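Let me begin by presenting the structure, written as structure tokens, before commenting on it.
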2 protein chains.
Amino acid sequence: MNRPRRADAADNRERILEAARAVVATADEVRLNEIAKRAGVGQGTLYRHFPTREHLLAEVYRQDVDELVATAPRLLAEHDPVTALTRWLDRLVEYARIKHGVFAAVEAGVRKDLSAHSLGPIGDALTTLLDAGRAAGTVRPDVDARDLILLVGYLTRLEQDEWDTRARHLIRIILEGVRSRG
Amino acid sequence: MNRPRRADAADNRERILEAARAVVATADEVRLNEIAKRAGVGQGTLYRHFPTREHLLAEVYRQDVDELVATAPRLLAEHDPVTALTRWLDRLVEYARIKHGVFAAVEAGVRKDLSAHSLGPIGDALTTLLDAGRAAGTVRPDVDARDLILLVGYLTRLEQDEWDTRARHLIRIILEGVRSRG
DNA sequence: CGCCAAAGCGGACACGTGTCCGCTTCAACG
DNA sequence: CGTTGAAGCGGACACGTGTCCGCTTTGGCG
């Protein structure tokens with residue numbers, strides 16, 4: 001899109017991301033001012049490159065998100081739509097479990113994109129999966145990606161010690177609600 | 001439980017709640033320091049009476065919550081369990097729509113109670129409804145109140161302009177997932 | 001080259017939450 | 001009543017987020 005930036009700016013941006021990745025990987029508390037310090041830039045610089053905390057996190061996790069998104073068509077090629085959707089959501093859960101920040105960032109990213117009348121990459125992946133299911137008649141026709149994103153949002157509120165018992169379990173319940181009545 | 005407090009303390013507590021109700025009713029931004037100022041107390045006082053923002057809000061909305069909780073047995077007396085649950089959740093949605101803060105406070109309250117190995121009043125109401133459904137064989141036996149609380153948490157993240165289209169719709173989807181397969 | 005406008009920078013600042021601690025006030029008891 | 005110790009108070013403080021603005025750097029252009 002618009003990439004003719006100044007060289008030093010691009011540099012800073014990269015250094016910020018690097019610092020952010022380092023902090024995210026080690027500490028569980030992600031403090032923006034610390035990231036700025038580590039990157040050797042002022043807060044202002046950090047905030048111009050990434051207007052909100054979420055923009056930064058979204059970029060940090062971008063690779064993971066891309067990976068996840070790329071999985072959707074692959075799953076659809078190998079399985080029926082509902083199975084593909086199930087597997088995909090399981091994978092989402094797995095990401096959310098390991099990298100606690102992933103899902104929060106994704107969700108925030110979606111909100112950001114919402115105003116732009118888009119659901120973002122994650123939403124697009126879900127739309128693909130749902131469309132396939134709808135076409136096959138195995139998914140309720142009145143469910144869209146935004147619905148699912150809202151529902152799986154519980155992942156951000158799950159306590160650590162509930163993960164094993166509830167994360168997948170709730171996905172199953174959601175899927176039951178999303179399937180066409182057999 | 002433990003009510004032999006000092007008179008002036010009880011007074012302050014009441015004044016804080018009064019101020020909080022006033023702020024909640026008018027402004028949509030709820031600033032604790034403003035509430036403290038309006039109540040004519042220091043921040044320290046406010047925070048000792050209500051350790052966190054959520055404790056305060058929970059108390060502000062306590063009456064609404066009690067009302068909602070009291071509804072559950074009434075609904076169960078008049079309808080089959082799944083219908084009762086449906087109506088109850090619809091009522092929850094209605095509360096959440098009007099008083100935006102209600103549900104966030106409730107959810108936070110639940111989290112607080114979680115550590116005390118309790119689900120709080122809302123959780124208890126849901127447990128009653130779910131138990132009835134389970135006994136009647138119309139609700140999946142592996143769903144508990146905590147599951148539902150997590151799922152309906154989407155209400156806190158719903159944008160204002162999505163309410164009409166999504167709030168009830170998602171409740172229906174959840175209910176489909178929670179019902180026993182017929 | 002050297003100029004200079006725009007792009008970028010950094011850190012001070014404003015604001016909200018929640019904590020801490022020395023002073024004040026209550027109320028129980030002699 | 002006066003004493004007294006604990007309950008309660010208030011506001012200063014620490015900390016994180018996000019904004020703002022005067023100074024610096026870059027790099028295109030003459």
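Below, chains carry the letters A, B, ... as their sequence lines are ordered, and counting in each starts from 1. Note that the structure is predicted; figures quoted are calculated from it, not measured.
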*Just by modelled atom types, is the A/Gly137 backbone N or O under 3.5 Å from a matching donor or acceptor in the A/Ser180 side chain?*
yes
*Got a donor-acceptor contact below 3.5 angstrom from the A/Thr83 side chain to the A/His79 backbone?*
no
Separation of atom [atom1] in [X] from atom [atom2] in [N], rounded to whole Å:
X       : N      : atom1 : atom2 : answer
A/Arg48 : D/dC21 : CZ    : P     : 14 Å
B/Arg15 : D/dG10 : CZ    : P     : 8 Å
B/Leu46 : D/dG8  : CG    : C1'   : 14 Å
A/Tyr47 : D/dG18 : OH    : C1'   : 5 Å
A/Ile16 : D/dG18 : CD1   : C1'   : 14 Å
B/Phe50 : D/dG8  : CZ    : C1'   : 15 Å

_Under a plain distance cut-off of 3.5 Å, with no hydrogens placed, do A/Asp131 and A/Thr128 share a side-chain donor-acceptor pair?_
no
*For nucleotides 25-30 of chain D, read 5' to 3', which letter fits each nucleotide if B means a protein heavy atom sits under 4.0 Å from the base, S means only the sugar-phosphate is that close, and - means neither?*
BSS---
Taking the basic N atoms (NZ, or NE/NH1/NH2) and the acidic carboxylate oxygens, is any pair closer than 4.0 Å for [X] and [Y]?
X        : Y        : result
B/Asp147 : B/Arg140 : no
A/Arg13  : A/Glu59  : yes
B/Arg15  : B/Asp8   : no
B/Glu176 : A/Arg181 : yes
B/Arg146 : A/Glu162 : yes

*Between A/His49 and C/dC9, is there a side-chain N or O to OP1/OP2 distance below 4.0 Å?*
yes
*asked:* Looking at B/Thr45, I'd like to know whether one of its side-chain N or O atoms comes within less than 4.0 Å of OP1 or OP2 on D/dG8.
replied: no
*Heavy atom of residues 31-43 of chain B under 4.0 Å from DNA chain C: which residues?*
B/Arg31, B/Leu32, B/Asn33, B/Gln43
*Once you round to the nearest 0.5 Å, how far does CZ of A/Arg166 lie from CG of A/Leu158?*
8.0 Å
*Hey, does A/Arg53 reach any base, or is it just sugar-phosphate, or nothing, if we go heavy atoms under 4.0 Å?*
sugar-phosphate
